[in-house]
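Everything quoted here is computed from the prediction, not taken from an experiment. In each ligand, atom 1 is the first atom listed, and ligand 1 is the first ligand listed.
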Amino acid sequence: MEKISFLDQVNRNFDKAAAFTKHDPTLLEQIKACNSVYRMSFPLRRDDGTIEVIHAWRAEHSQHKMPTKGGIRFSVDVNEDEVMALAALMSYKCAIVNVPFGGAKGGVAIDRKRYSPRELERITRRYTFELVKKNFIGPGVDVPAPDFGTGPQEMAWIADTYTSLQRNELDGLGCVTGKPVHLGGIRGRKEATGLGVYYGIREACASPDDMRLIGLTPGLEGKRVVIQGFGNVGYHAAKFLAEGGASIIAIAEVDGAIFLPTGLPVEKVAEHRLEKGTIVGFPASNTLAASESALELECDILVPAALENTITMDNVARIKARIVAEAANGPTSAEASEHLFRRGVLVIPDSFLNAGGVTVSYFEWLKNLSHVRFGRMEKRFEERAFQRVLQVMETATAKKLGDDICRAMVHGADEQDLVYSGLEETMLDAYQETRAIQKRLDGQADLRAAALVGAIDKIALCYFEMGIFP
Ligand code: NAD
């Protein structure tokens with residue numbers, strides 16, 4: 001079977017969606033093109049004194065809105081094609097969820113397990129230095145974030161390196177998001193992508209008509225879920241889905257998968273992994289030696305949350321889930337996705353579903369530019385106003401409300417409340433917007449194409465307004 005690259009997959013999805021629009025072909029070519037790619041190589045002195053050459057990239061797909069935005073991935077499989085594909089996905093993703101950024105992505109071709117923390121620090125700081133040198137980073141230029149293989153620690157090193165080099169830049173901390181909270185990060189960023197995945201799936205499952213079409217009952221309650229990849233996104237998606245009433249019947253990781261038809265306790269599995277270094281052997285669960293076989297289990301919702309090209313023409317016929325919820329970027333090949341659509345499986349696309357990370361990154365960036373924590377100005381003011389309403393109610397009814405009710409009523413929104421609320425609003429709005437486009441296209445397009453049609457229209461509008469295309 002012909003293997004097509006990840007970038008070709010993304011472009012194929014773009015072309016399919018573009019065919020539903022009436023835009024000028026030159027404009028479509030501009031929207032699809034990756035505007036700039038910086039490929040770099042630099043030496044790393046390892047702890048034992050030997051030298052190794054590190055290869056890395058940063059791609060900025062589209063500057064129709066500034067800054068550009070996208071994660072940095074540490075993975076041996078990273079290459080230019082992948083970084084460009086992920087940067088393009090970022091442009092479309094931001095447009096779909098109405099986050100005013102262009103798309104970008106970075107990658108460092110390393111297996112982080114082979115390096116000590118000090119070596120990882122040197123790699124991250126040198127990578128940042130290279131980005132500064134070529135003007136590929138800055139609060140108004142290009143703002144990285146965590147992705148596969150990176151987290152708050154790397155973001156802290158990036159922020160520190162950038163602000164040390166650009167010492168008088170007032171908004172310097174806005175050069176990267178996903179930072180630890182005490183270094184300009186925001187409460188709720190760590191879990192944002194997984195929480196967004198939960199909001200997106202919950203919204204999709206809420207429509208009785210849509211669920212009837214795929215033979216499921218509305219609501220999350222009791223839905224059997226399989227999670228592939230128990231990292232940041234997979235763990236948080238599993239946690240929120242379980243709290244929302246779904247049953248996590250299997251979790252797959254690189255070294256094997258665990259299965260429990262009555263539902264796995266997500267927190268306990270996470271604790272087991274922390275202690276033993278693997279999810280395999282979790283008490284009372286069955287182990288599936290071949291991790292990939294978890295994808296083919298009988299379930300309602302399959303959540304691929306690891307890497308791209310997980311569901312391809314090689315295994316798509318064996319996928320039994322009624323919903324494929326793409327928490328990872330590009331987990332389903334374009335052809336496999338078309339196959340699932342023809343079979344009536346609902347594919348909730350990555351370009352929408354995992355946008356929670358960039359949405360909350362946007363909030364973090366706004367916080368860095370405004371230099372004030374969300375909720376700081378109004379929390380106490382709101383609490384006093386609620387307190388007065390409560391007093392009036394109690395006087396009017398001559399009834400004293402219970403302490404728990406009073407506490408819930410007078411609670412003013414803090415940063416995490418506002419982040420969760422802003423994220424929920426963003427995901428629900430974007431889902432309904434995408435669903436409306438799909439209905440307008442008379443069921444001809446799957447949700448992925450509908451989301452991309454929305455993204456293309458919004459990016460095209462920027463070019464019209466710039467007066468570049470008539
Ligand atoms: P992560 O590094 O925290 O976790 C990935 C997990 O997947 C790891 O535990 C790894 O062991 C596991 N894994 C790798 N290959 C696997 C395989 N073949 N089978 C099963 N498990 C496997 O990464 P993450 O941040 O959770 O990112 C996961 C996906 O989500 C990536 O595609 C990433 O691009 C996407 N994403 C992440 C964010 C974010 O905010 N972190 C935002 C948007 C999209």
Given the side-chain rings of Phe14 and Tyr92, with only the six-membered ring counted for Trp, is the space between their centroids under 6.0 Å? yes
Under 4.0 Å between heavy atoms, the region of Glu191 that gets near ligand 1 turns out to be neither
Kindly check if the number of other-residue, nucleotide or ligand heavy atoms within 6.0 Å of CZ (Arg343) is above 12? yes
Report the part of Ala192 (side chain from C-beta onward, or backbone N, CA, C, O) that has a heavy atom under 4.0 Å from ligand 1; answer both or neither where that applies. neither
Could you say whether the N/O atoms of Glu253 and ligand 1 ever approach to under 3.5 Å? yes
Between ligand 1 and Gly234, is the shortest N or O to N or O distance under 3.5 Å? no
Please list, in number order, the atoms of ligand 1 under 4.0 Å from a heavy atom of Ala252. 20 (C), 21 (N)
Short list, please: which atoms of ligand 1 are under 4.0 Å from a heavy atom of Val233? 24 (P), 25 (O), 26 (O), 27 (O), 30 (O), 37 (C), 38 (C), 39 (C), 41 (N)
So for Ala306 against ligand 1, with non-hydrogen atoms under 4.0 Å, the contacting part is both
Counting heavy atoms only, which part of Val254 comes closer than 4.0 Å to ligand 1: side chain, backbone, both or neither? both
Backbone of Lys268 reached by a side-chain donor or acceptor of His272 within 3.5 Å: no
For ligand 1, which atoms, with element, lie under 4.0 Å from some heavy atom of Asp147? 25 (O), 33 (C), 34 (O), 36 (N), 37 (C)
Is Glu308 touching ligand 1 with its side chain, its backbone, both, or neither, if touching means heavy atoms under 4.0 Å apart? neither
Which ligand 1 atoms are under 4.0 Å away from a heavy-atom of Ala327? 30 (O)
Considering only protein heavy atoms, which is closest to atom 23 (O) of ligand 1, and at what distance to one decimal place? Phe148 CA, 3.5 Å
Quick look: Arg73 vs ligand 1, heavy-atom contacts under 4.0 Å, and the answer is side chain
Against heavy atoms of Gly149, which atoms of ligand 1 measure under 4.0 Å? 2 (O)
If we only count N/O pairs under 3.5 Å, is Lys93 in contact with ligand 1? no
